[in-house]
2 protein chains.
Amino acid sequence: MTIGTDRRPSKRERTLAALVEHGLDLFERRGYDATTVAQIARAAGVTEMTFFRYFPAKEHLLLDDPYDPQLTAAIASQPSDLRPFVRAARGIRAAWRSLPEPETPIIRRRVRIIAQTPSLRGAMWRNTGNTERAIVEQLVADGASPDVARVAAASVLAALVAGLFLWAEEERTTLADAIERALDVIEADA
Amino acid sequence: MTIGTDRRPSKRERTLAALVEHGLDLFERRGYDATTVAQIARAAGVTEMTFFRYFPAKEHLLLDDPYDPQLTAAIASQPSDLRPFVRAARGIRAAWRSLPEPETPIIRRRVRIIAQTPSLRGAMWRNTGNTERAIVEQLVADGASPDVARVAAASVLAALVAGLFLWAEEERTTLADAIERALDVIEADA
DNA sequence: GGCATAATGTTAGTGACTCACATTTTGCAG
DNA sequence: CTGCAAAATGTGAGTCACTAACATTATGCC
């Protein structure tokens with residue numbers, strides 16, 4: 001019988017928040033590579049070991065991507081007579097257009113750090129592996145050849161990531177806008 | 001006053017060859033992650049330290065990419081009234097079409113290992129950073145906007161890499177062919 | 001207020017990589 | 001072929017990310 005809608009956050013939620021907050025802070029101030037997991041843990045009042053109970057690796061403090069379901073749904077709802085490449089691109093457009101605005105500031109902090117850190121750019125790519133697989137499955141389910149689907153997914157995702165990086169650096173545009181522009185580069189017709 | 005055109009390889013060349021050979025062998029037999037740098041060094045009759053004198057990191061035994069100059073040249077020679085995206089794609093086509101056949105077997109061994117190892121897929125992407133920068137510079141030098149150039153380069157390179165992976169796994173096609181097909185997915189017109 | 005359980009800590013170890021310094025090999029000049 | 005500078009390699013110690021087994025403490029609920 002809870003009284004209000006907001007209760008005191010559990011300890012787990014609090015340490016998670018502390019790790020994320022101090023992690024981002026240290027990354028921004030000293031750089032990702034120069035920041036040690038032990039330092040983050042210490043700042044959050046916790047042990048190195050505990051950090052790894054919350055994140056499987058240092059880089060996962062920055063890499064999340066829980067957007068796959070919306071993405072594949074958006075691709076699925078594109079007309080299936082389009083070429084896989086165009087279909088995937090339009091799906092991504094639609095998916096990001098409906099991204100809630102309030103989330104973007106934190107995304108920007110994260111993406112900016114990633115964009116500035118070579119080792120993380122690679123990590124990001126590895127991380128999109130799941131998203132790529134999801135897109136491929138969706139395209140294949142609608143009749144595309146597996147080979148074609150894989151190339152299309154990889155290429156479109158690369159454009160998306162490139163757009164994200166530009167947005168994080170540029171400051172003045174909105175996320176949806178940056179992504180639209182990135183995909184325009186790839187799709188001949190507007 | 002050297003007599004013939006081929007001389008005894010220097011010690012440096014011999015240890016380098018030994019490291020590459022035993023490294024590829026171990027990676028193929030036991031897997032990349034399960035293979036230790038110490039094991040490779042030992043198999044090559046050398047110390048772990050020596051390995052790192054030849055390669056800045058374990059992954060660099062597989063990642064080379066000395067193809068940038070030919071690539072940018074090929075892009076430069078594409079008609080400059082094309083959109084940057086199409087220009088980059090056609091340039092890559094041209095560049096790989098002229099790749100010497102004899103080199104492809106060793107490339108295939110390497111790419112196959114990379115394609116099968118998630119951590120290396122990321123490393124590969126990080127590694128293409130230089131190539132991407134080179135392409136961007138070339139496109140910008142010919143009048144493209146930096147933002148557009150970056151998206152185009154990233155996207156086209158992703159298609160290239162996807163094509164490489166497919167080729168490495170499929171066995172039956174030729175390299176140039178696989179890349180042509182990959183780029184066809186991306187370029188509307190053939 | 002007590003107790004199951006979740007959260008955290010401890011210790012020890014592996015593997016990639018770095019650095020400072022010592023030793024051996026190689027190739028070439030005399 | 002002798003010797004010697006430079007190149008190649010070795011040694012030992014250390015850092016950091018990450019893992020695993022086991023001990024301890026804190027939380028929240030009855």
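Order of the sequence lines sets the chain letters (A, B, ...), proteins ahead of strands, with each chain counted from 1.
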* Asked: Listed in order of residue number, which residues of residues 49-56 of chain A have a non-hydrogen atom at under 4.0 Å from DNA chain D?
  -> A:Met49, A:Phe52, A:Pro56
* Asked: Is the NZ or CZ atom of A:Arg90 positioned over A:Phe85's six-membered ring, under 6.0 angstrom from the centre and within 45° of the axis?
  -> no
Quick test of your reading: applying salt bridge (Lys or Arg N to Asp or Glu O under 4.0 Å), list the pairs with at least one residue in [range], sequence neighbours left out, ordered by first then second residue.
range                       : value
residues 46-63 of chain A   : A:Glu59-A:Arg126
residues 133-142 of chain A : A:Arg87-A:Asp142
residues 22-34 of chain A   : A:Asp25-A:Arg29, A:Glu28-A:Arg109
residues 152-166 of chain B : none

* Structure fact -> So side chain to side chain donor-acceptor pair (under 3.5 Å) across residues 36-46 of chain B, not counting sequence neighbours, yields none
Between [X] ([atom1]) and [N] ([atom2]), how many Å, whole number?
X       : N      : atom1 : atom2 : result
A:Leu19 : C:dA7  : CG    : C1'   : 12 Å
B:Arg14 : C:dT25 : CZ    : P     : 13 Å
A:Arg12 : D:dT27 : CZ    : P     : 15 Å
A:Leu16 : C:dT8  : CG    : C1'   : 15 Å
B:Glu13 : C:dT26 : CD    : C1'   : 14 Å
B:Lys58 : C:dT18 : NZ    : C1'   : 18 Å

* Do A:Tyr54 and A:Thr15 have side-chain atoms, one donor and one acceptor, less than 3.5 Å apart? -> yes
* Qualifying residues under ring-ring contact (aromatic ring centres under 6.0 Å, His included), relative to A:Phe165, sequence neighbours excluded -> none
* **Listed partners of B:Phe51 passing ring-ring contact (aromatic ring centres under 6.0 Å, His included), at least two apart** => B:Phe55
* The side chain of B:Val46 lies closest to which of these nucleotides: C:dT8, D:dT9, D:dA17? -> D:dT9
* Structure fact -> Note: contacts of residues 28-42 of chain B with DNA chain C (heavy atom, under 4.0 Å) are B:Thr35, B:Thr36, B:Val37
* Hey, is the side chain of B:Thr15 poking within less than 4.0 Å of OP1 or OP2 on D:dT9, counting only N and O atoms? -> yes
